[in-house]
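Structure first, commentary second.
Atoms within each ligand, like the ligands themselves, are counted from 1 in listed order. What's counted below: heavy atoms across the whole structure, side chains too, no hydrogens, waters or symmetry copies. Numbers here simply count residues along the sequence, with the first being 1.
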Amino acid sequence: MEKRFLWGTATAAHQIEGGNRNNDWWEWEQLGHIKGGGSSDIACDSWNRWRQDLDLAQELNTNAYRFSLEWSRIEPEEGRFDPEAIDHYREMLQEMRRREMEPILTLHHFTIPLWLAHKGGYEHPDFPAYFERFCQNVVPLYAPYVRYWITINEPNVIAALGYLFGIFPPGVQSFSRCGRVLKQFLLAHARAYRIIKNAAPQSLVSVAINVQNISPASASPLDRLAAGLVDQFYNRGFLKAMVDGRTRMPFGWGSRIPGLANTLDYVGLNYYSRIFIGFRLRGGFAEVRKAVPRSDMDQEIYPQGFYQAIRQVAAYKKPILITESGIADARDQYRPDYLRQVIGGMRQAMQEGIPILGYLHWSLMDNFEWNEGYSQKFGLYEMDFTTLERKPRPSAQLFRAICSGEH
Ligand code: FCB
């Protein structure tokens with residue numbers, strides 16, 4: 001087991017690299033779905049500036065960095081793998097090792113190549129096999145450098161936002177299709193898990209699950225029931241399936257998925273906020289908005305819920321890695337306090353004996369925040385998107401102090 005606690009930041013390829021014009025998100029952006037009409041375009045130009053980004057991460061005194069592979073660069077056409085793109089990420093991994101930074105590698109973070117999207121994307125019956133082939137082509141090459149793997153980032157977010165609420169590509173609104181996609185992710189994860197373990201038996205594999213603090217809008221039994229169901233469907237079902245290998249609502253009725261049981265080596269936890277859920281005759285449930293303090297992204301500022309989220313996933317009796325946590329706050333008004341509180345909650349959980357491997361803050365720098373474009377600023381470093389200059393926010397100093405053991 002890793003001895004040193006991992007302190008780091010997290011990013012994702014499409015949000016920072018720039019030039020990713022061959023995936024489903026790029027196409028979605030061109031259709032005008034992004035707030036402010038923007039697109040990922042050159043984003044933070046990290047495809048070229050990644051060394052500088054690692055410098056920034058090191059200036060924070062972090063010893064870990066989470067980033068993702070861009071599948072559409074590695075497999076730009078079906079079955080054609082690009083050696084230069086593969087080398088690019090290998091070089092990043094080697095450089096991180098030289099700098100003694102632990103890489104946390106995400107294989108899939110929200111984007112798929114256009115060739116796959118045009119065939120039906122996640123819903124294509126062969127999606128798990130396509131993902132498996134992608135993994136086969138990269139995992140053995142990267143395995144010498146990587147101990148912590150994340151197969152899929154936030155399968156529950158992709159399913160909910162892309163297939164239930166329709167605000168992520170492909171813009172579908174269907175409960176049954178949302179469930180089907182979750183099942184596809186489970187199948188894909190099971191295959192990726194095997195490939196990783198074959199290549200590197202000592203490595204630790206998970207997904208990064210988005211856990212929302214889901215509270216009933218009132219004490220009424222119906223609101224409690226509705227909130228409980230959303231909690232099951234959204235927060236718990238996927239991880240449970242990775243432990244017992246069985247489907248459950250909303251992605252099945254208890255059938256066994258071969259190779260899925262015991263594919264959760266640790267829990268990758270992404271935490272941001274809380275929502276209130278109330279019962280509705282039509283649709284069963286709805287979010288209830290309360291007058292609470294909100295971040296720029298309109299999410300409740302609720303660092304207190306972090307401790308509960310940790311407690312919730314501790315039920316699986318696995319080590320926990322905080323793979324994301326952060327706040328959209330352009331003026332850095334609330335971030336320092338948010339940081340202090342989440343770190344405080346995490347320490348409390350650790351004192352109670354919950355094994356936590358590390359904390360990775362979202363994000364190193366402002367970046368392309370999906371459908372919100374550049375409007376939401378999650379960075380410890382502020383990004384000037386004209387000059388691409390990166391400047392530390394006051395929170396960067398605070399995080400540095402935390403990582404240095406001074407807080
Ligand atoms: C998470 C995503 C990440 C980023 C943050 C703000 O849901 O994993 O890419 O968008 O939210």
Side-chain angles (χ1 to χ4, degrees), residues 8-18 20 23-26 28-29 33-36 38-40 43-44 46 53 65-71 104-112 150-165 167-169 185 206-214 234-235 238 267-275 294-303 305-306 309 321-330 334-335 338-339 342 359-383 395:
T9 52
T11 60
H14 190 67
Q15 293 179 274
I16 64 167
E17 283 181 353
N20 285 326
N23 66 30
D24 58 337
W25 265 91
W26 176 260
W28 184 249
E29 295 158 26
H33 289 293
I34 308 304
K35 190 164 161 184
S39 89
S40 56
C44 310
S46 290
D53 294 343
Y65 179 63
R66 176 183 169 209
F67 71 106
S68 77
L69 306 178
E70 176 55 38
W71 185 350
I104 289 93
L105 186 63
T106 314
L107 295 171
H108 176 273
H109 195 127
F110 286 5
T111 55
I112 46 172
I150 294 166
T151 55
I152 300 167
N153 179 70
E154 295 188 341
N156 54 340
V157 169
I158 305 175
L161 299 191
Y163 292 84
L164 187 60
F165 298 112
I167 57 176
F168 275 17
F185 284 139
S206 183
V207 293
I209 201 81
N210 180 280
V211 173
Q212 289 253 24
N213 189 298
I214 294 173
Y234 187 81
N235 288 332
F238 202 90
V267 178
L269 171 64
N270 291 1
Y271 173 81
Y272 287 91
S273 182
R274 164 166 75 170
I275 51 169
R294 288 179 186 277
S295 72
D296 296 348
M297 200 145 110
D298 210 23
Q299 292 178 318
E300 180 180 1
I301 302 175
Y302 193 61
F306 188 53
L321 176 61
I322 312 306
T323 37
E324 287 181 29
S325 157
I327 179 170
D329 181 17
Y334 305 108
R335 192 177 286 105
Y338 176 90
L339 257 175
V342 291
Y359 173 92
L360 310 172
H361 191 76
W362 186 273
S363 180
L364 178 63
M365 60 205 162
D366 298 340
N367 55 47
F368 178 71
E369 181 45 42
W370 309 113
N371 55 322
E372 297 283 336
Y374 297 103
S375 67
Q376 302 304 325
K377 318 284 190 191
F378 277 90
L380 293 172
Y381 286 86
E382 181 178 3
M383 174 77 58
S395 287

Item checked: Which of the ligand 1 atoms, numbered from 1, are nearer than 4.0 Å to a heavy atom of Trp362 -> 3 (C), 4 (C), 5 (C), 6 (C), 9 (O)
Next item on the list: Compute the centroid of each ring, for Phe168 and then for Trp28, and state whether the two points are separated by less than 6.0 Å.
Entry: no
Checklist line | Shortest protein heavy-atom distance from atom 7 (O) of ligand 1, along with the residue and atom involved | finding: Glu154 OE1, 2.5 Å
Next item on the list: Please work out which of Phe110, Tyr272, Tyr271 has its closest non-hydrogen atom nearest to atom 11 (O) of ligand 1.
Entry: Tyr272
Next item on the list: Could you find the nearest protein heavy atom to atom 3 (C) of ligand 1 and give me its residue, atom name and distance?
Entry: Glu324 OE1, 3.5 Å
Next item on the list: Step by step, work out the ring pair (Phe, Tyr, Trp, His ring centres under 6.0 Å) result for Trp370 and Phe110.
Entry: CA-CA 9 Å; Trp370 309 113; Phe110 286 5; 4.8 Å; yes
Checklist line | Any donor-acceptor pair under 3.5 Å from Asp296 side chain to Ala330 backbone | finding: yes
Item checked: Option whose closest heavy atom lies nearest to atom 9 (O) of ligand 1, chosen from Glu369, Gln376, Gln15 -> Gln15
Next item on the list: Give a yes or no answer on whether the side chain of Arg335 reaches the backbone of Asp329 with a donor-acceptor pair at less than 3.5 Å.
Entry: yes
Next item on the list: Give a yes or no answer on whether the side chain of Asn270 reaches the backbone of Gly268 with a donor-acceptor pair at less than 3.5 Å.
Entry: no
Next item on the list: Just let me know how Asn153 lines up against ligand 1, side chain, backbone, both or neither, with a heavy-atom cut-off below 4.0 Å.
Entry: side chain
